[in-house]
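In what follows, a single structure is set out as structure tokens and then discussed.
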Amino acid sequence: MFKRIPGTKDILSEEVACWQRLEKISRDIFSVFNYQEIRTPLIESASLFNRSLGENTEIVQKQMFIIQNKEGLYALRPEATASIVRAYIENNLDMVRKFAKLYYSGPMFRLERPQKGRLRQFHHIGAEAIGSYDPNLDVEVISLLDSLLRGFSIKDYKIKINSLGCAKDREKLKQILEQSLKSKLSKLCADCKIRFKKNILRILDCKQRECQEMLRGLGIEEKYLCSDCDEHFIDVKKGLDKVGIGYEAVPYLVRGLDYYTRTVFEVTHKDLGAQDALGAGGRYDNLISELGGDDIGAIGFALGVERLLLIAESTSQARSPQIVYLITLGEKAKNQGLQLLDSFRKENIACDTDYEEKSLKGAMRQANDLGARFVLILGDDELKKNVVTLKDMNSGTQEEVRIDGIISKIKLNLEPRT
Ligand code: HAM
């Protein structure tokens, strides 16, 4: 028997309702913030990600699904920011309107070691605002993230923010780290010893307690920020205070992608365990020009849908539409039933029937399992009288209703569909 590839998931019908709910809520919230949807391909040139995320990042080094072919190397997208910047430049969106607010949702692929909340195919809901350095845009984007989480009824999340400064500041931070850690190398964990040589900023992100304590001891804080970047960060924090968004400024927050500059942020939730990030984002002011576009600022974020659902599951229940279930008894009734179902559907009333020749008792059980709001029974007796037996599954009461009046009767009692 064939099995799923580890780290991938079949999303079965019961769960799909929760996905659709998240998708609908996010679409509504994106439109309130005036973000337009963009859909980019799942495959891109591998070099797009090497260049954008950074050759020495974990994703590029170890986690890309690469497809080798006659034209070169393609990759299944590990994230969407690079693709969206490529699309923004390639489709001349900068000519149409320099400033673009875009949102997206869809699968991403990373060849990771699977565990709870860490998959090889997972989904992002994200946004990218391209074309401005304004700190108020950082506030808007973080506020959008906050609104989505509240829209999904997620509670007790934490928004952590930091500023990595401009490219020069990042270099300065790297040098400070190099200088301060040079003599303490032996005390770092094995991974950080490698990071020291390959990608020193990642040391700040190490989860090992000893490494974290050592870093705190260095007292780096925001010393590496130039006055412009410092001011930008102060404005972002002031703006967040103004709109009442709770955040924690965490000096050691870095992100695993090289394109970030200035503001970076992460949302965590304690109930997620080891993989506690629900989402993350930040500014990438140099990426557009690095990929061949203009010198313009940009900021965005992505939320991990599977992780959102792990948390949202405990906080809310998805509601399925109220369904009408038709049970027919005999060949004649079955044919009449076909028409009845058709007329319900034309009136946008969700309905279903039995296709497995179940007994009346079996069909009633099926209606119950489906959570039907009403059951209609149509047999020879009913046909003769031109009626249908209507059973209200909430009250348990039963009555005969004329066939030509059944739609209006049901419509009167069903909650409107959203
Ligand atoms: P990221 O931090 O790599 O950022 O991913 C964002 C979120 O995706 C994570 O916080 C997590 O919730 C989820 N996630 C990441 N990897 C996995 C996985 N293997 N399994 C399940 N969920 C996962 C980005 O991808 C950036 N593109 C975000 C961004 C947009 N920055 C600026 N604009």
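In each ligand, atom 1 is the first atom listed, and ligand 1 is the first ligand listed.
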Indicate, with yes or no, if the rings of Tyr35 and Tyr103 have centres closer together than 6.0 Å. no
In terms of its nearest heavy atom to atom 24 (C) of ligand 1, the top option of Leu257, Thr81, Val264, Val141 is Leu257
Can you list the ligand 1 atoms lying under 4.0 Å from a non-hydrogen atom of Ala280? 2 (O), 10 (O), 28 (C), 29 (C)
Which atoms of ligand 1 are found less than 4.0 Å from any heavy atom of Gly281? 31 (N)
Which protein heavy atom lies closest to atom 13 (C) of ligand 1, and at what distance to 0.1 Å? Gly304 CA, 3.7 Å
Of all the heavy-atom pairs spanning Lys116 and Gln275, show the shortest one and how long it is. O-CG, 3.6 Å
Evaluate His124 for polar contact with ligand 1, using N/O atom pairs at a separation under 3.5 Å. yes
Gap separating the CG atom of Asp138 from the OG atom of Ser163, nearest 0.5 angstrom: 9.0 Å
Counting heavy atoms only, name the option from Glu128, Arg110, Arg77, Glu58 that's nearest to atom 3 (O) of ligand 1. Arg110
Can you tell which of Glu79, Arg113, Gln63, Arg255 gets a heavy atom nearest to atom 4 (O) of ligand 1? Arg255
Taking 4.0 angstrom as the limit and counting only heavy atoms of Ala277, give me the atoms of ligand 1 inside it, by number and element. 10 (O), 11 (C), 12 (O)
Of all heavy-atom pairs between Gly337 and Thr328, which one has the smallest distance, and what is that distance? CA-CG2, 4.2 Å
To check your reading of the model: name the closest protein heavy atom to atom 19 (N) of ligand 1, its residue, and the distance in Å. Glu112 OE2, 2.5 Å
Below 3.5 angstrom, do we get any N/O pair linking Leu119 and ligand 1? yes
In terms of heavy-atom contacts, Arg202 and Gly256 come closest through NH1-CA, 2.6 Å
Any non-hydrogen atom of Arg307 lying under 4.0 Å from ligand 1? yes
Under 4.0 Å from any heavy atom of Gly117, which atoms of ligand 1 are there? 20 (N), 21 (C), 22 (N)
Which residue and atom name correspond to the protein heavy atom nearest atom 26 (C) of ligand 1, and how close is it? Tyr259 OH, 3.4 Å
Would one find an N or O of Ala127, backbone or side chain, under 3.5 Å from an N or O of ligand 1? no
Taking atom 32 (C) of ligand 1 as the reference point, the nearest protein heavy atom with its distance: Gly300 O, 3.2 Å
Enumerated ligand 1 atoms positioned under 4.0 Å from heavy atoms of Gly279: 10 (O), 12 (O)
Taking distance alone, with N or O pairs closer than 3.5 Å, would you say Arg118 contacts ligand 1? no
For Leu73, is the CG atom crowded, meaning more than 12 foreign heavy atoms sit under 6.0 Å from it? yes
Between Ala46 and Ile66, which heavy-atom pair has the shortest distance, and what is it? CB-CD1, 3.8 Å
Quick one: does ligand 1 sit under 4.0 Å from the side chain of Arg120, the backbone, both or neither, non-hydrogen atoms only? neither
Report, as yes or no, whether the 6.0 Å neighbourhood of atom NZ on Lys358 holds more than 12 heavy atoms from other residues, nucleotides or ligands. yes
Numbered in order shown, the ligand 1 atoms found under 4.0 Å of a heavy atom of Phe301 are 29 (C), 30 (C), 32 (C), 33 (N)
Considering all heavy atoms of both residues, which atom of Leu177 and which atom of Phe196 are nearest to each other, and what is their separation? O-CE1, 4.4 Å
Checking a contact table here: which protein heavy atom is nearest atom 29 (C) of ligand 1, and how many Å away? Tyr260 OH, 3.4 Å
For Phe122, the atoms of ligand 1 under 4.0 Å from one of its heavy atoms are 14 (N), 15 (C), 16 (N), 17 (C), 18 (C), 19 (N), 20 (N), 21 (C), 22 (N), 23 (C)
If you count every heavy atom of other residues, nucleotides or ligands that lies below 6.0 Å from Lys158 atom NZ, does the total exceed 12? no
Go through ligand 1 atom by atom and flag the ones less than 4.0 Å from a non-hydrogen atom of Leu278. 10 (O), 12 (O)
Test item: Asp354 and Ile327 side chains (from C-beta on) under 4.5 Å apart, heavy atoms: no
Any chance CZ of Arg51 has more than 12 other-residue heavy atoms, nucleotides or ligands included, within less than 6.0 Å? no
For the side-chain contact (heavy atoms from CB on, under 4.5 Å) test, which of Ile59, Asn199, Leu201 pairs with Asp258? Asn199
